[in-house]
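What follows is a short report on a single structure.
Just so we're on the same page: letters track the sequence lines, and every chain starts at 1. Only this structure's heavy atoms are used, side chains among them; waters, hydrogens and symmetry mates stay out.
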Amino acid sequence: MAKLISPFELRDLGILGMNARNISFIGRYNQRKNYRLVDNKLETKSAALSRGIPVPQLYGTIEYQFQIKDMLNTLIKGRDSFVIKPAQGSGGKGILVVVGRDGEQFIKSSGALIDEREVRRHSSNILAGLHSLGGRNDSAMIEALIDFDPVLKDYSFEGVPDIRVIVFRGVPVMAMMRCATHSSDGKANLHQGAVGVGIDIGSGQSICAVQHNRIVTQHPDTKIAFNQLQIPHWQQVLELAASCASMTGLDYLGADIVLDRQSGPMLLELNARPGLAIQVANQVGLRHRLAAAAKIADLTDNQIEKISLARQQFSQLTVATGQLSMAII
Amino acid sequence: MINSKVQIGLIAGVFIALGIGLTLYKAISLDLPLLPDQYREVWTVESKTSFTPTRAGAKSPVNIELKLPTAQAGWVILDEHFASSGFGFSIVEQSAGSNSVNASPNTSAARWTRQELDRPTTLYYKMQVYRASENAVLPALPVSVAEKPLLEPDQQAAMDRLLDRLHTQSSDIDSFVQLLLQEFLRDSPDQDTLFLIDAYEDDSFAVLMDVLAMADISAHQIRGIVLEDGRRRQTLSALIEVYNGQRWSVFDPSNASPGLPNNFFVWQRGNGSVLSVIGGRDSSLEFALVSNSLPAKAVVGMEQRSDKFAILDFSIYTLPVEQQGIFKGLLLIPVAALVVVFMRLLVGVKTSGTFMPILIALAFIQTTLFIGLAIFLGLIGIGLWIRSYLSHLNLLLVARVATVIIMVILLMAALAVISYKLGMDQVLTVTFFPTIIVAWTIERMSILWEEEGGHEVLIQGGGSLLVAVLAYLVMSNPLVEHLTFNFPELTLSLLGVILLLGKYTGYRLSELYRFRDMGTE
Ligand SMILES: Nc1ncnc2c1ncn2[C@@H]1O[C@H](COP(=O)(O)OP(=O)(O)O)[C@@H](O)[C@H]1O
Ligand SMILES: [Mg+2]
């Protein structure tokens, strides 16, 4: 089981390694001055709003410890469900998802109960920078709980699934839906044990699913098989993701998108250093795709054209049969 | 991009070539060994003469004379240095004939003079010595007849009885002296000895010398320094040298054993005073000692001071030995950094805190590996346990980390005290662990535990320890130690390698495992 794959095979598959990602893509294409916007979720949100990109509603922010004392009477007064997260967090760290109330207590998405003290402590830890890059002081943002599209209901357990799209120079190159599991505690981050389902750029259909970098065929909690998954509003999802490229000025970017029951695709957050597990979920390496995307980007500046070229070139499935046709790339 | 790659490649190439080139040049032209072979212990002895002027401010001249040691018994003096700001300074030679009390053949003394002085002052004399040959004997000395002391009748009687007893028990002069010294070392010396010591106001050394004189044995004392690395306030100790009819032999009164101890540096043979201070009071003479291992070749070079070795004048060797010691440690850190870079970029080990493993490895150097590991795991384990309680207290982060820091210090103190009581002295080295780093590690680990479970703690904690142990093994390797210290220019080559690694875009070893499920569909 603990067998290794040879580096030559990885190279032939076009797998992008961590070092290559850092040097050849992030370091080369993403300018440091543009990180600010994506590393701070509050700034991402306001930039998105000013461009008319839909985002989850912001209830409020906590910047100072003193605000925590009566946050329950101000920011979250009368709200049954909400999400508290560090504005500069990453990897799902420090995200508290509250889905309801039970008397004085709050219900987490796993069903576990926590009391007010716990909520305050959590917020105070966020302000102290416990979950944030480099332990810097941070602010806590309180967001509306996403009411996600019921089509996806069974694919995610006790948490909102999100769709990660990697966009290179405005061209969507690879996508993956991330489904929360019991062990990921209401968050759809792979590190925390969520399942990643590779999504075909051409059709929005599932390709393959992984948990902890290993292939799985069904959701560990809901037992639903992933092979029938089809993401609704697929074109819109891709357009939303691609539009973030021009918003941030980042050429190599991961957009996290959620599907809201009412409003459709919404931007949850952006990543300047998107992870590499998406390759396993898609069973395809990023390198060839990135090279092809560069060609597309050289060809046209039109966003819609970029997307349709990407949908043509990066399709792994023939829509009719749902079978792998790797020949295309 | 290509440009920056070429640029880095060039810079790295120049660094690597420069480092290796300089190293080879030094190795070939100076004959400095590339492999650690023979080392010499070079001691830096710094004498500090402190005194208070008798009449501060007034026009009263001070004159300080410090006898200087001569190289003998296989010791070689490499370098001498006097600090005498504001003082007139000269070295005065004294020939043997003029002064018979001072038994050494030719002695010289350092003389500091000054017309007036208004505050307590310390004068420094520093030298570097090493032992060229092991069992070299002290040079021959003319024998002088012992002068018998004049004693009170009751003291004389006690002395006679003591002499009688020693004479009947001993066969020759050597065994006589040894018995005598043992007599003074016994827990309960006999009545006569006790009486004599009492009569001499507890100056057993004076009793010894007088007993020897009464027994017609020529004897004098040898003053010198017991060399102990890192001592800052060593004082002169004394040995006894007696003439047994054919030659002089040395005894150590502190343990009655014959022969010159190996770690004894002779300052003066004979009974004269080492330090004389005129116009000052409360004078004291103390020594600070540092030892350092240098390659034999370099030591010889310093001794010969030939032009060929001029390049050594720009090396770490020219620094004061204490600083040399510090650089010895500092120059190892780049190697440890290379280990970290290698493990993270090529192997892909996760560590908690990028360079935290280096700090742990530095602590291991002081504690030795296994004790260090045990202490570290113990600290982290107990720390995590107490920290899990702190989590319930709902403290602000900064206060919590501060609490953990204090906790770690108390733990370290407790560990040190308990282990010391139990006689496990090695555990005392616990103090070498960087408190703040240990505290942050505990804090991070505990958060990691709460958020991602024990599994992740094991991965990151294990990764950090693995890197720390590797860094330790590399840093404590004698070859590495030898190369980094004697060829510090190799650090340039190391820098070049690190620059190159910074541009490495290949796969990490861990990725061969991570992506093992690729292409299986
Ligand atoms: N407003 C929200 N409503 C419901 N779930 C959320 C919300 N915000 C975040 N989450 C959950 O937390 C996960 C991580 O959130 P995200 O904003 O992407 O932060 P991070 O930068 O830590 O990945 C999401 O995938 C989602 O499952
Ligand atoms: Mg995210």
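With chain A as partner, the option from B:Arg508, B:Arg444, B:Glu443 having the largest number of non-hydrogen pairs under 4.5 angstrom is B:Arg508.
Proximity to chain B (any heavy atom under 4.5 Å) is shown, for A:Leu127, by neither the backbone nor the side chain. There is no contact between A:Glu118 and chain B, counting heavy-atom distances below 4.5 Å. Contact of A:Arg117 with chain B is made through backbone and side chain together, with heavy-atom distances under 4.5 Å. In this structure, chain B has heavy atoms under 4.5 Å from both the backbone and the side chain of A:Asn213. Using a 4.5 Å cut-off between heavy atoms, B:Glu456 makes no contact with chain A at all. Both the backbone and the side chain of A:Arg11 come within contact range of chain B, judged by heavy atoms closer than 4.5 Å.
Note that NZ of A:Lys93 is 11.0 Å distant from CD1 of B:Ile447, once rounded to the nearest 0.5 Å. Rounding to the nearest 0.5 Å places CZ of B:Arg514 at 14.5 Å from CG of A:Leu4. Rounded to the nearest 0.5 angstrom, B:Glu511 CD and A:Leu16 CG are separated by 8.5 Å. Expressed to the nearest 0.5 Å, how far CD1 of A:Ile5 lies from CG of B:Asp517 amounts to 9.0 Å.
Remark: side-chain polar atoms of B:Tyr513 are not paired, donor with acceptor, to backbone N or O of A:Lys3 under 3.5 angstrom. Under the 3.5 Å distance criterion, the side-chain polar atoms of B:Tyr507 are matched with a main-chain donor or acceptor of A:Ile15.
Residues B:Leu512 and A:Pro7 meet the side-chain proximity criterion, which asks for heavy atoms closer than 4.5 Å. In this structure, A:Glu9 and B:Met518 have side chains that are not in contact, with every pair of non-hydrogen atoms separated by 4.5 Å or more. Using a 4.5 Å cut-off on side-chain heavy atoms (C-beta onward), A:Leu13 and B:Phe515 make no contact.
Here the shortest heavy-atom pairing between B:Thr505 and A:Ser24 reads CG2-OG, 3.6 Å. In terms of heavy-atom proximity, A:Asn125 sits nearest to B:Arg400 at OD1-NH1, 3.4 Å.
Counted within 6.0 Å of NE2 on A:His191, heavy atoms from surrounding residues, nucleotides or ligands total 12 or fewer; the atom is thus considered open.
For residues 341-351 of chain B, a heavy-atom distance under 4.5 Å to chain A picks out B:Leu345, B:Lys350, given by residue number.
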